[in-house]
Amino acid sequence: MEYAHRDIEQKWQQYWKDKEVYKVSNESDKPKYYVLDMFPYPSGAGLHVGHPLGYIASDILARYKRHRGYNVLHPMGYDAFGLPAEQYALETGQHPAVTTEQNIKRYREQLDNIGFCYDWSREVRTSDPKYYKWTQWIFLQLFHSWYDRAAQKARPISELVSIFEQEGNANHTSPEDEKLSFTADEWKAKDETAQRGILMQYRLAYLSHAEVWWCEALGTVLANDEVQNGVSERGGHPVVKKRMNQWFLRITEYAERLLSSLDKLDWTDAMKEMQRNWIGKSTGAEVTFNVNDSNSEIKVFTTRPDTIFGVDFMVLAPEHELVDSITTEAQKAEVEKYIEYVQSRSERERMAEVKQITGAFTGAYVTHPFTGNDVPVWISEYVLAGYGTGAIMAVPSGDERDHAFAKHFNISITNVFGDKYNGEEAYSDKGGTIENSDFLSGKPVSEAIAAAIKAIVEKGIGQAKVNYKLRDAGFSRQRYWGEPFPVIYKEGVPYTSDELGNEELPLELPHVDSYKPGPEGQGPLANIADWVNTPDGKRETNTMPGYAGSSWYFLRYMDPHNDATFADRKATDYWQAVDIYIGGTEHAVGHLLYSRMWTKALHDLGHIGFDEPFKKLINQGMIQGSSRFVYRIHGTNKFVSYGLRGDHKTDKLHADVSMVDGNVLDTEAFKKWKPEYADAEFVLEDGKYICGSETEKMSKSKYNVVNPDDIVAQYGADTFRMYEMFLGPIDVSKPWDTKGIEGVHRFLKKMWRLYNDDNGWIVTDEKATDAELKVLHQTIKKINNDIEQFSFNTSVSQFMICVNELSSMGCRKKEILEPLAVLIAPFAPHFAEELWHGFGNDTTVIDAAYPQHDDKYLVESSKLYPIAINGKPRAEMEFPLDMDKADIEKQVMANETVQKWLEGKPAKKFIYVPNKMINVVV
RNA sequence: GCGGGUGUGGUGAAAUUGGUAGACACGCUAGACUUAGGAUCUAGUGCUUCACGGCUUGGGGGUUCGAGUCCCUCCACCCGCACCA
């Protein structure tokens, strides 16, 4: 009997489905284990072989944990809201719900092909009203909450109102405006609109303003990467920054907790480091400078208050609110021209062209608080409006960019570092002492910082300050295909649907006839007058961003059909946080940070019992495409083979990988591929057309996409699963090479032949030999270890070694082969199920206990030692493990080869590392 | 510019704590069986040398009896980014 993967896989997939083998209950005496994949966006292109890499790894782990007696939650769903579906709708008029449904269907078929053990009864889709009802509900929770800095947790806004009624805001500074101050009486005297305006400054979900790229010609708002060189990427139309009302999440209030609780997570250091850098905590001081002949003051944040005597100029972000009012008449034209220039620059360009120094002088001066000197105020794009206070005190002798700026604009430089500053390069190290700085002179940096802060506080011009570079998260998108906000504006003041009490969630996305943007940069929803205008007022027409639905989906899987709450507390208490989360590094700071914040907020408000969503995180690498190229002789329709391309001037063109076997092009298929190639001629080498190859991102446009369906059809899901794992470590990127799959397929066929020959089942009940048991138990030990460490590539190797050895021993014994079948079940579930049933078992293999190794089969009594002379291995000798060092030394020194290499010289040192090696030093 | 990652045969890679570098595969070479081979099996395969041997984990330096692994330094490539005061 041949290994008939097609029949086997079909049969067992049907069996699993019929018996609901992968259905998971929330009620169980077993310990729980939650294995989660980052759910996919169902794109129109379908899955390629890169997508399932992480899914296969998590599937192996989920199956393994189930074998080990856990109740395993292993769900899958779809991140189904998103821009591509809307873009497609714009182009074709097809409703995103329709195309999304089609894409999901395709994804599901592709996933089912691979034999995953997902509990599909728990599937979630973020675009399903039953799901986004709760996304909207969580938004309302955030809206109705504020962050109590003293208690370090979110609390209901109603409690804040009570506090205001009793004591005003004296003990609870507004995170947006620290100058805001009122008493209980003042609070009570305010009208509702004013009170709501104040509360908005505290809410975790709040309305504010932000600048977006607005393109008049396209009539739409563009994302950062849709803007290049100050024009739209599509069409090259001019764009300007437009200030719009936008919702935000006050994630900055969570900065400290998001930072400190990283310590308790089992994530890679690289991942934690990226989050730390993103949160960007820095300590320093906030200092206020008074603008001469004006009531204005400029507030700066600095990490180096000790260098305050080195301030030679001030720089404001071009967007800074004071720029207008302090610019002098004489400088007005220049400043305006500069701002116009900055307006045209994208953030990417500002970043890429760091060396380019630009700026303009406002004509204004501030008074230095300690020296009393006049300090000029400049504006420059190197200062960002969004970070700190949007203004800096520039110390050219101590900061590289300030230094370059001063040199460029001929501003004189005050040296506050003595000998350390050489006049050519800023001295930004923290060694040495501060000089030329009045009361700070002679002090080392840390002391000087403390003294400077003390003096600043005494003068009443500032205080010590912790700053985070994390910004609040924009939560509005001017798009159609996303969650609508359950918000209505009554005379311009936003009210939520539960406050108005006029409608239940979900607020469903209305049908639109056109996906074109609304007027003035609003989303398509603004075009539907019937929907926008309600008896209470106008609806919010923005929708929520992609990360809204994905910030909490892992909770919904625990109780996916609940209509009374987002997930029952009993369910979330049972499943707790995700034990293993697998996905790509591209989500390092976006999705993973937002999910953490939502989890903390839901925890603070008492809705769930844990405050971190993902205990352990595994990052999967990218599977790259291996592109193939053909070489067309320039100006002709003649193609030369790779090795001969040097003889001609050629154009390198992508050829579809499906027409290439290894590197050999199927020239007939190529001719049929595109009409312009129908008459192509080929210059061959050795009778073949050899293609060039390069590793690139797997993408349709590079014709290097490999569809898992094709691989599964040819080799079977089990081969595909094992090959993806065999490619290399899960976390590194590697190119896909279909050719290599043969080896894994051969291995499965070879393993199959341990159990079957041409006439059928051949397993016997004979007693196993020590050698066979040793191979089996070595393998069991290695596989268990490897799975725990996510080293699946080495597991596959070990299975190969095991089968190679058992084959050469001619092993046919049930005592060996039955445990081996269970052992391979997480990797090749259909294959294992077939063998498992071959032994007469009538339950599914996944409920079989996973084999555990017994050390008694692995004991060794001796070791074949490499003998090195001066570190170079020269001979081998076998010794019992318990032999004395002295006896070994005697025998080694007597060895002929050793003697030869010693060349009569006396041994200086004899190194014996038991069970490792022996080294003789001459 | 900043942050993170990766460099080992023709290719994907392996190598508990520093202890025989290249396991396991792909590819390639030769052979066996076969009507056939894109089935299966056997042998070989890092580079170099007729050979003894020498060289070899991105380059250079260091620590050590011994370094892919630890330290310093330089280089290349990939990913992310918000010039972070």
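Worth knowing before you read on, the calculation uses all heavy atoms, side chains too, and leaves out hydrogens, waters and symmetry mates.
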Checklist line | side chain to side chain contact (heavy atoms under 4.5 Å, CB included) involving Lys900(A) - partner list, sequence neighbours excluded | finding: none

Next item on the list: Would you mind building the protein contact string for nucleotides 2-10 of chain B? One character per nucleotide, 5' to 3', B for base within reach (heavy atoms under 4.0 Å), S for sugar-phosphate only, - for untouched.
Entry: -SSS-----

Next item on the list: Please name the pair of heavy atoms, one in Ile787(A) and one in Phe792(A), separated by the smallest distance, quoted to 0.1 Å.
Entry: CA-CE2, 3.9 Å

Under 3.5 Å, which protein N or O atoms sit close to an N or O of nucleotides 17-19 of chain B? Give each pair with its distance.
from, atom 1, to, atom 2, distance (Å)
U17(B), O4, Lys916(A), NZ, 2.4

Next item on the list: Select one nucleotide: of A85(B), C24(B), U20(B), the one nearest the side-chain heavy atoms of Ile801(A).
Entry: C24(B)

Checklist line | Pairing annotation in dot-bracket form, given for RNA chain B with Watson-Crick or G-U pairs under 3.5 Å and | for cross-strand partners | finding: (((((((..(((......[....)))((((((.......))))))(((....)))..(((((..]....))))))))))))....

Check: Which pairs pass salt bridge (Lys or Arg N to Asp or Glu O under 4.0 Å) with one or both residues in residues 275-286 of chain A, sequence neighbours excluded?
Finding: Glu256(A)-Lys281(A), Asp263(A)-Arg276(A), Glu273(A)-Arg276(A), Glu286(A)-Lys299(A), Glu286(A)-Lys465(A)

Next item on the list: When you get a sec, tell me which of C24(B), A14(B), G12(B) is the closest nucleotide to the side chain of Ser797(A)?
Entry: C24(B)

Margin query: With a 4.0 Å cutoff (strictly under), does any side-chain N or O of Asn793(A) reach OP1 or OP2 of A25(B)?
Written below: no

Check: Among A85(B), U20(B), A82(B), which is the nearest nucleotide to the side chain of Thr303(A)?
Finding: A85(B)

Check: Are any of Arg746(A)'s side-chain N or O atoms less than 4.0 Å away from OP1 or OP2 of C26(B)?
Finding: yes

Please write out the pairs of protein N or O atoms and N or O atoms of nucleotides 42-53 of chain B separated by less than 3.5 Å, giving the distance to one decimal.
none

Margin query: Any base atoms under 4.0 Å from Lys749(A), or only sugar-phosphate, or nothing? Heavy atoms, all strands.
Written below: sugar-phosphate

